[in-house]
K.L.:
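Please see the structure below; I have some questions.
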Amino acid sequence: MDWLVVLLSPFVVAFVYPVVMLIMMYGAAVFLHVYRHRRREIFDAYSENYWDGAMQTVAAVFDAHGSLWHGYDLVGMEKLPDKGPALLIYYHGALPLDMYYILSRLLLCKKRRLRNVAATFLFHIPGIQLLLEVCGAVEGRSREQCVEILKNGDLLAISPGGVREALFSDEYYTMIWNGRRGFAKVALEAKVPIYPVYTQNVREAIRSIQIGRKWFRKLYEWTKLPLVPLYGGFPVKLRTFIGDPIYFDSKLTSDELAGKVQKGIQELILTHQKLPGSIITALQDRWKLKNSSVKIAT
């Protein structure tokens, strides 16, 4: 093994050690950012309930990551009610980075917990069940549970496109709902408003590979597992836009309501996203001055 150590040592010194140090420095920066801006909220939450404190801490870490890495902004947060239920319907990126940041920002700024319908396979991944439980994640198959959450006065987020949209949408931000209308039935039964939600550049931050797309799609439809490789982690600008609410109307059918919501998200995409999406453009947007316009011409 001695010769192997000698052979690999230059590689470790030149590449691995600097990466480890960079991760440690970035982690320390996130911790200090959290401590400077959110320590009071975290201390107060721990004094009331240790799980509330833990959730506030997790939210502060995710919010710091979003701010430092993506310059994350949440536009239209004031539209959401301070009390009472609401259903948020969003476009699903290759990874739902925006949901982590939205959840965190709402908890820190509005003191509201956003529960999220998550893919079933997540609940079978070892080691993250506690995180899902504390964050209030819900399995997508339980429509009755979604209605109950809303009737209890909570906020709930659903992506009708789900994993299929995450893996097989493209740089044109094509919405892949495959006729899913369950969320509209939930909203009608719970009699709650729906807010269209879209995050600018979410597909430029993390992308799914396009090579072998046809075969990966067949594999997914057969297994329902997210086996498509992803790449990225680019520090692009992310802005989440919350659209105007679509209020409960008993005269609307679930198909009509779903159509209105889909149109609302499509309008947000056309208004705020340069199409086709470009990683270079999204990176440039990350470093623009803070007073630059939030709208990008298509």
K.L.:
For Leu230 and Leu167, run side-chain contact (heavy atoms from CB on, under 4.5 Å): C-alpha distance rounded to whole Å, both residues' side-chain angles, the deciding distance at 0.1 Å, then the answer.
P.N.:
CA-CA 9 Å; Leu230 305 177; Leu167 299 179; 4.2 Å; yes
K.L.:
Run Val197 and Thr240 through side-chain contact (heavy atoms from CB on, under 4.5 Å) and show every step you take.
P.N.:
CA-CA 7 Å; Val197 177; Thr240 295; 3.6 Å; yes
K.L.:
Not counting sequence neighbours, which residues clear ring pair (Phe, Tyr, Trp, His ring centres under 6.0 Å) with Tyr195? List them please.
P.N.:
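If we apply the ring pair (Phe, Tyr, Trp, His ring centres under 6.0 Å) test to Tyr195, skipping adjacent residues, there are no hits.
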K.L.:
Heavy atoms, side chains only, cut-off 4.5 Å: are Pro193 and Ile246 in contact?
P.N.:
no
K.L.:
Assess, by modelled atom type and distance only, whether the side chains of Gln273 and Tyr198 contain a donor and an acceptor separated by less than 3.5 Å.
P.N.:
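There is such a pair between these side chains.
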K.L.:
Determine, step by step, whether Phe183 and Trp177 satisfy the ring-ring contact (aromatic ring centres under 6.0 Å, His included) criterion, reporting the C-alpha distance in whole Å, the side-chain angles of both residues, the deciding distance to 0.1 Å, and the verdict.
P.N.:
CA-CA 11 Å; Phe183 74 91; Trp177 286 15; 5.4 Å; yes
K.L.:
Stepwise, does the ring-ring contact (aromatic ring centres under 6.0 Å, His included) test hold for Tyr101 with Tyr72?
P.N.:
CA-CA 8 Å; Tyr101 300 146; Tyr72 179 73; 5.2 Å; yes
K.L.:
Yes or no on salt bridge (charged side-chain N to carboxylate O under 4.0 Å, His left out) for Glu221 and Arg164, after CA distance, side-chain angles and deciding distance?
P.N.:
CA-CA 9 Å; Glu221 299 298 346; Arg164 187 179 287 104; 2.8 Å; yes
K.L.:
Between the side chains of Arg181 and Asp255, is the shortest nitrogen-to-carboxylate-oxygen separation below 4.0 Å, so that they form an ion pair?
P.N.:
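Yes, charged N to carboxylate O under 4.0 Å.
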K.L.:
State which residues pass side-chain contact (heavy atoms from CB on, under 4.5 Å) with Lys111; sequence neighbours excluded, sorted by chain then number.
P.N.:
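Only Glu41, Gln56 meet the side-chain contact (heavy atoms from CB on, under 4.5 Å) criterion with Lys111.
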K.L.:
Return yes if some donor-acceptor pair links the side-chain N/O of Gln200 with the main-chain N/O of Leu238 below 3.5 Å, else return no.
P.N.:
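Flag not set: sc Gln200 to bb Leu238 has no pair under 3.5 Å.
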K.L.:
Find out whether Leu106 and Leu80 are in side-chain contact, i.e. whether some heavy atom of one side chain is under 4.5 Å from a heavy atom of the other.
P.N.:
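Sidechains of Leu80 and Leu106: in contact.
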K.L.:
Just distance, no hydrogens or angles: give the donor-acceptor pairs under 3.5 Å from side chains in residues 86-98, sequence neighbours left out.
P.N.:
unit_1, atom_1, unit_2, atom_2, d
Tyr91, OH, Ser169, OG, 2.7
Tyr91, OH, Arg203, NE, 2.8
Tyr91, OH, Arg203, NH2, 3.3
Asp98, OD2, Thr199, OG1, 2.8

K.L.:
List the steps and the verdict of salt bridge (charged side-chain N to carboxylate O under 4.0 Å, His left out) for Lys237 and Asp73.
P.N.:
CA-CA 9 Å; Lys237 180 66 178 182; Asp73 292 323; 2.8 Å; yes
K.L.:
Do Val138 and Ile149 have side chains that approach each other closer than 4.5 Å (heavy atoms only, starting at C-beta)?
P.N.:
yes
